[in-house]
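Just so it is clear: chains get the letters A, B, ... in the order the sequence lines come, proteins before strands, and each one is counted from 1. Below, all heavy atoms of this structure are taken into account, side chains as well, without hydrogens, waters or symmetry copies.
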2 protein chains.
Amino acid sequence: MAVRELLTKIGDKWTILVILSLDLLGGRARFSELERAVPGISQRMLSSTLKNLDRDGLVIRELFPEVPPRVEYEITALGKSLLRPTQGLVDWAKANWEQVREAQSKHDAR
Amino acid sequence: MAVRELLTKIGDKWTILVILSLDLLGGRARFSELERAVPGISQRMLSSTLKNLDRDGLVIRELFPEVPPRVEYEITALGKSLLRPTQGLVDWAKANWEQVREAQSKHDAR
DNA sequence: CGGTATCCTTTGCGATACTG
DNA sequence: CAGTATCGCAAAGGATACCG
């Protein structure tokens, strides 16, 4: 089921943060810029996350054969389109997370 | 960060499927109904998922002290509100997953 | 009926070191 | 600079058995 697979991607620790960051950086950025834009991410995870995003057609990887090498990642139209429903989730979290916290507190109080 | 926590919840294997199923069942259902409504879920995971949803205030657990015991779960207003942005994601998947698959195929062909 | 307990395998991912 | 390779641990979750 496609929904299941999408949720898995969305749910992993870095995918959404990376696309959102790439968008914030103007839709195009180098590996090292992303590394700085996503605090706490390791090279290993940034690399693997970008690889998956590339494979899924959500970003494009462009290698410039220079020395030192330069690689730029650009968000695709498909990737951009995913940002809309994603933003809906972000907005929901901002609007309602406090309520969730309260529910947890009350629950845990018992 | 709230968004990070929400994405973790959304991303785990069963949470979203359980809320969506509960909604489809009319917003209220028994444990065994949910078990049947979410194919492949184990008792263990349904139980733990519902426990978390209850703790977060997204569903309410109601125990009827009968023999045999009956337990009903009802989606709360907060839970319902989460369905909106979630549905946005589901819609995106339906509209665009084919494109993702194609991107994967082309990528893998190389 | 609606769970819990236990066990065990798989997956995620951080840390560190190394490289074209 | 932009990765890859290797290691190792912790958490997720499936299978099965049992219980109030």
N/O donor-acceptor pair under 3.5 Å between Ser47(A) side chain and Gln43(A) backbone: no
Gln87(B) and Asp91(B) side chains, donor-acceptor separation under 3.5 Å: yes
Exam field: side chain Asn96(B) to backbone Trp92(B), donor-acceptor pair closer than 3.5 Å: yes
Length of the line joining Trp14(B):CH2 and dG13(D):P, which is rounded to integer Å: 9 Å
Sugar-phosphate, base or nothing in reach of Phe64(A), heavy atoms under 4.0 Å: nothing
Acceptor/donor pairs from residues 67-77 of chain B side chains to any protein atom, 3.5 angstrom cut, sequence neighbours excluded:
residue, atom, partner, partner atom, Å
Arg70(B), NE, Glu66(B), OE1, 3.4
Arg70(B), NH1, Glu72(B), OE2, 2.8
Arg70(B), NH2, Glu66(B), OE2, 2.7
Glu72(B), OE1, Arg28(B), NE, 2.5
Glu72(B), OE1, Arg28(B), NH2, 3.0
Tyr73(B), OH, Arg61(B), NE, 3.3
Glu74(B), OE1, Arg28(B), NH1, 2.6
Thr76(B), OG1, Gly57(B), O, 2.7
Thr76(B), OG1, Leu58(B), O, 3.1
Thr76(B), OG1, Leu78(B), N, 3.4
Thr76(B), OG1, Gly79(B), N, 3.0

Residue met sooner reading DNA chain D from 5', once Arg61(A) and Arg44(A) are mapped to nucleotides: Arg61(A)
Nucleotide dG3(D), atom P - distance to CD1 of Ile41(A) in whole Å: 12 Å
d(CG, Asp12(B); C1', dG13(D)) in whole Å: 10 Å
Side-chain N or O of Ser47(A) closer than 4.0 Å to phosphate OP1/OP2 of dA2(D): no
Leu89(A) side, atom CG; Ile16(A) side, atom CD1 - distance, nearest 0.5 Å: 8.0 Å
Step-by-step salt bridge (Lys or Arg N to Asp or Glu O under 4.0 Å) determination, Arg101(A) to Glu5(B): CA-CA 11 Å; Arg101(A) 282 231 187 290; Glu5(B) 294 174 65; 2.9 Å; yes
Integer-rounded Å distance: dT16(D) C1' and Met45(B) CE: 16 Å
5' to 3' contact window, DNA chain C with chain A (heavy-atom distance under 4.0 Å): dC13(C) to dG20(C)
Atom of Glu35(B), atom of Leu46(B) and distance for their closest heavy-atom approach: N-CD2, 3.6 Å
Asp12(A) and Thr15(A) side chains, donor-acceptor separation under 3.5 Å: yes
Angle of first-five versus last-five pair axes in the helix from dC1(C)-dG20(D) to dG20(C)-dC1(D), to 10 degrees: 50°
Distance-only polar pair, side chains of Thr8(A) and Arg4(A), donor-acceptor under 3.5 Å: yes
Below 4.0 Å: OP1/OP2 of dG3(D) and any side-chain N or O of Tyr73(A): yes
Spacing between Glu35(A) atom CD and dG3(D) atom C1', to the nearest angstrom: 10 Å
Distance in angstrom units between Leu46(B) CG and dA12(D) P, rounded: 17 Å
Contact under 4.0 Å: Lys51(A) side-chain N or O vs dG3(D) OP1/OP2: no
